[in-house]
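Predicted model, so just to flag it, every value in this text is computed and none were measured.
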Amino acid sequence: MKFRPLHDRVLVRRVDQDEKTAGGIILPDSVQEKPSEGVIVAAGTGIKNEDGTIVPLDVQADDRVLFGKWSGSEVSVDGEDLIIMKESDILGVIEMGKKSKKK
């Protein structure tokens with residue numbers, strides 16, 4: 001099944017976090033918090049302005065993002081648990097592997 005979010009919504013897959021603490025203690029599932037980091041699986045086309053033009057989203061598929069702890073709604077697509085949320089629920093994009101240039 002294919003799923004395409006509408007307007008300013010995105011479909012996010014949570015990224016698994018470590019099951020151990022920094023000290024090496026293994027945490028059971030009952031005490032682990034759900035990660036607030038994920039990868040965008042699909043994104044909508046954007047939201048309409050007052051004049052009718054569509055403003056594209058700032059995020060796209062395969063972007064790694066941070067989102068609020070209670071953001072979005074959990075859905076199951078092809079047996080996989082995903083989250084659908086508005087773009088405004090996303091706190092930021094994690095950019096990995098890029099080096100910053102000093103001036």
Side-chain angles (χ1 to χ4, degrees):
M1 165 180 24
K2 284 191 171 188
F3 183 86
R4 182 177 54 92
L6 297 177
H7 309 296
D8 65 335
R9 290 183 173 76
V10 294
L11 190 64
V12 178
R13 176 183 301 118
R14 286 188 194 270
V15 175
D16 294 331
Q17 288 187 328
D18 292 335
E19 297 178 359
K20 289 183 182 181
T21 64
I25 298 171
I26 297 175
L27 299 171
D29 289 340
S30 59
V31 249
Q32 289 182 14
E33 288 189 19
K34 290 184 178 179
S36 58
E37 183 178 330
V39 175
I40 295 182
V41 176
T45 55
I47 193 162
K48 285 187 180 180
N49 265 345
E50 292 176 8
D51 63 0
T53 59
I54 295 178
V55 178
L57 302 180
D58 290 331
V59 295
Q60 57 190 353
D62 297 326
D63 280 352
R64 194 174 187 113
V65 295
L66 290 177
F67 50 89
K69 188 174 186 177
W70 306 108
S71 298
S73 300
E74 292 188 7
V75 295
S76 181
V77 178
D78 288 338
E80 184 178 13
D81 292 331
L82 302 170
I83 305 167
I84 188 163
M85 65 180 74
K86 289 190 170 202
E87 183 189 36
S88 59
D89 290 338
I90 296 173
L91 303 174
V93 178
I94 300 171
E95 295 180 358
M96 301 176 79
K98 293 184 180 179
K99 295 181 181 179
S100 60
K101 293 181 182 179
K102 294 185 179 180
K103 291 184 178 181

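A side-chain donor-acceptor contact under 3.5 Å links Glu87 to the backbone of Asp58.
Partner of Leu11 under the side-chain contact (heavy atoms from CB on, under 4.5 Å) criterion, chosen from Val39, Val75, Ile40: Val75. For the side-chain contact (heavy atoms from CB on, under 4.5 Å) test with Arg64, the passing option among Val15, Val93, Val59 is Val15; the others fail.
Atom-to-atom distance recorded for Asp81:CG and Glu74:CD is 6.5 Å, nearest 0.5 angstrom. Rounding to the nearest 0.5 Å gives a distance of 8.5 Å between CG of Asp63 and CD1 of Ile90. Going from atom NE2 of His7 over to atom CD1 of Ile54 covers 8.5 Å, rounded to the nearest 0.5 Å. Summarising the geometry, atom OG belonging to Ser73 is positioned 9.5 Å from atom CD1 belonging to Ile83; distances are rounded to the nearest 0.5 Å.
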Please output the side-chain donor-acceptor pairs of residues 44-51 that fall under 3.5 Å, not counting sequence neighbours, one pair per line with the distance.
unit_1, atom_1, unit_2, atom_2, d
Asp51, OD1, Thr53, N, 3.1
Asp51, OD1, Thr53, OG1, 2.8

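Residues satisfying the side chain to side chain contact (heavy atoms under 4.5 Å, CB included) test with Asp89, not counting sequence neighbours, are Ser71, Met85, Lys86. Take Asp62 and apply the side chain to side chain donor-acceptor pair (under 3.5 Å) test, not counting sequence neighbours, and it matches no residue.
Across every non-hydrogen atom of Val10 and Ala43, the tightest pair is CG1-CB, 3.9 Å. Smallest separation of non-hydrogen atoms from Phe67 and Glu37: CE2-C, 3.7 Å.
The same ILVMFWY cluster, assembled from side-chain heavy atoms under 4.5 Å apart, contains both Phe3 and Val41.
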